[in-house]
Amino acid sequence: DLGGYPHYMAKEIQEQPECVERIIRGRLDDRFGVARLDGLNLTPRELRGFARVKILGCGSAYYVGQIGATMIEELARIPADAEAASEFRYRNPIIEADTLYIAVSQSGETIDTAFAVEEIKRKGGRVVGLVNVVGSTIARACEGGVYLHAGPEIAVASTKALTNMAVGFALIALALGRVRDLSNADGQRIIDAIRALPGQIKSILDFEPEIAEHAKTVAAAKSLFFVGRVRGYPVAREGAQKFKEISYRHAEAYQTSELKHGPLALIDESLPTVAVVPSDELTERNLAAVQQIKARGGAVLAVTHENVDFGELDVPRIVVPKTEPELDPILLTIPLQLLAYHAALTLGYDIDKPRNLAKSVTVE
Ligand code: BG6
């Protein structure tokens, strides 16, 4: 049921504030500044024993896994990384007893991710799931997990499930952090910020008409770059992925820091860049990169925060509310969903069922 929306993607984007309410409900413990995740089936002692975290997923779930890895490193100070489950399962991965493996999947049926889980279990690793569909193959195969509670997602391009995955990672990072060096006060700081997310997402959605205007400009280009660094890089990757999936435009994600090592050669009037420029310790460096792109005639659309000063640079902006720095990627991703949606709408493509793609890939 479309509930009055023109597409499921539009409906699912709008549902995000209530979806986030659902994933956090009953899971935030104010007294101890921690997340309560009983479904993980891990004791505090076990949680404390992990020396590394490895996150596995495909497509958008892989990119949000990268967002999660950064959060876990920042909040829990445990080395963490994300890998495409589709590659992991084919490369005879080394499975370590002191690594926590996290499988991420909306459907819980993606065969590459399901095989990665089996491979980990066969080799004696501990794997938990971050899954939306209750009772799905991956959810059942994992030894514990966090359900996303995003509700059924119909559009092939994932939106609300992804946002809940990112919030789910914040909860896991909090749980891992609070059995280590994250203080009660810092835990509380993150809890307060998590609680504010639904309202902040709502305020981003209010800017949809303006984002739609930006989308018209961006859709005119045949090819574009999405750039970000550190926290912003997986945001750029996911933004480019959405763009490719539904607007059929060539969209390439790059680390902003790597532009000068090659791709800057491609920049001219015909190749616009969507730049993720949060207000954080890297703002000045990001602004310097924007300046370099502009100097070569490239147009830039920035996804940024209110207090970032672009000075003389003539750069249209999508301004996102600020949260705690570790959680910024959750909010920075939202306008990029709307950008891809409106670009596809402008171009007249089939938004909910893009060509050549399936909602979940369950065959080899
Ligand atoms: C891909 C879909 O095939 O599977 C992507 O086209 C999706 O949109 C990916 O992100 C992973 O799906 P899931 O269900 O495992 O999250």
Side-chain angles (χ1 to χ4, degrees), residues 5-17 59-60 63-64 67 153 155-163 166 200-228 231-254 256 270-278 286 290 293 298-306 308 310 315-321 328-352 354 357:
Y5 288 99
H7 304 97
Y8 281 105
M9 187 179 177
K11 177 171 181 265
E12 289 158 6
I13 288 173
Q14 294 299 326
E15 283 171 353
Q16 291 179 107
S60 293
Y63 300 132
V64 82
I67 290 178
E153 193 178 64
V156 167
S158 182
T159 52
K160 61 178 184 172
L162 278 191
T163 299
Q200 291 179 308
I201 294 173
K202 235 177 250 153
S203 76
I204 297 172
L205 300 179
D206 288 342
F207 281 100
E208 182 165 0
E210 277 131 85
I211 298 172
E213 285 307 309
H214 291 304
K216 280 183 200 151
T217 319
V218 174
K222 286 271 174 291
S223 180
L224 56 156
F225 274 147
F226 282 72
V227 301
R231 293 182 196 119
Y233 177 52
V235 173
R237 289 187 95 183
E238 169 50 22
Q241 163 94 344
K242 279 279 160 299
F243 223 82
K244 280 184 275 228
E245 284 184 308
I246 59 171
S247 2
Y248 311 151
R249 288 290 193 245
H250 171 241
E252 191 173 349
Y254 242 98
T256 316
S270 68
L271 185 75
T273 300
V274 177
V276 182
V277 187
N286 278 316
V290 169
I293 296 166
V300 174
L301 170 64
V303 180
T304 186
H305 293 127
E306 185 68 55
V308 174
F310 284 76
V315 173
R317 269 164 257 186
I318 298 172
V319 174
V320 169
D328 277 334
I330 301 172
L331 295 178
L332 291 164
T333 307
I334 309 275
L336 297 179
Q337 304 170 344
L338 289 167
L339 196 69
Y341 174 78
H342 283 282
L345 200 62
T346 303
L347 296 163
Y349 295 135
D350 187 351
I351 290 181
D352 286 335
L357 298 178

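- Side-chain atoms of I318 and F207, non-hydrogen and from C-beta on, never get closer than 4.5 Å to each other.
- A side-chain contact (heavy atoms from CB on, under 4.5 Å) with P278 is found for exactly one of N286, V235, V303, V308, namely N286.
- Not one N or O on the side chain of E245 forms a donor-acceptor pair closer than 3.5 Å with the backbone of A157.
- The side-chain hydrogen bond (donor to acceptor under 3.5 Å, both in side chains) search around K202 returns none, not counting sequence neighbours.
- Using a 4.5 Å heavy-atom threshold, the side chains of L224 and V274 count as touching.
- Aromatic ring orientation, Y349 versus Y248: tilted (interplanar angle from 30° to 60°).
- Shown here is F310, whose CZ atom has more than 12 heavy atoms of other residues, nucleotides or ligands within 6.0 Å.
- Counted by atom type alone, E153 and S158 present one or more donor-acceptor pairs between their side chains at under 3.5 Å.
- Side-chain atoms of Q14 and E208, non-hydrogen and from C-beta on, do get closer than 4.5 Å to each other.
- Salt bridge status for E12 with K160: absent, with no side-chain N to carboxylate O gap under 4.0 Å.
- Judged purely by atom type and a 3.5 angstrom limit, T304 uses its side chain to pair as donor or acceptor with the backbone of V277.
- Across every non-hydrogen atom of V300 and V315, the tightest pair is O-CG1, 3.7 Å.
- Listed by chain and residue number, nothing satisfies the salt bridge (charged side-chain N to carboxylate O under 4.0 Å, His left out) test with E210 (two or more places apart in sequence, or in another chain).
- Checked against side-chain hydrogen bond (donor to acceptor under 3.5 Å, both in side chains), K244 has no partners two or more places apart in sequence or in another chain.
- Contact record, I204 with P335: CG2-CD, 4.0 Å, taken as the closest heavy-atom pair.
- The shortest heavy-atom contact between I67 and P234 is CG1-CB, 3.5 Å.
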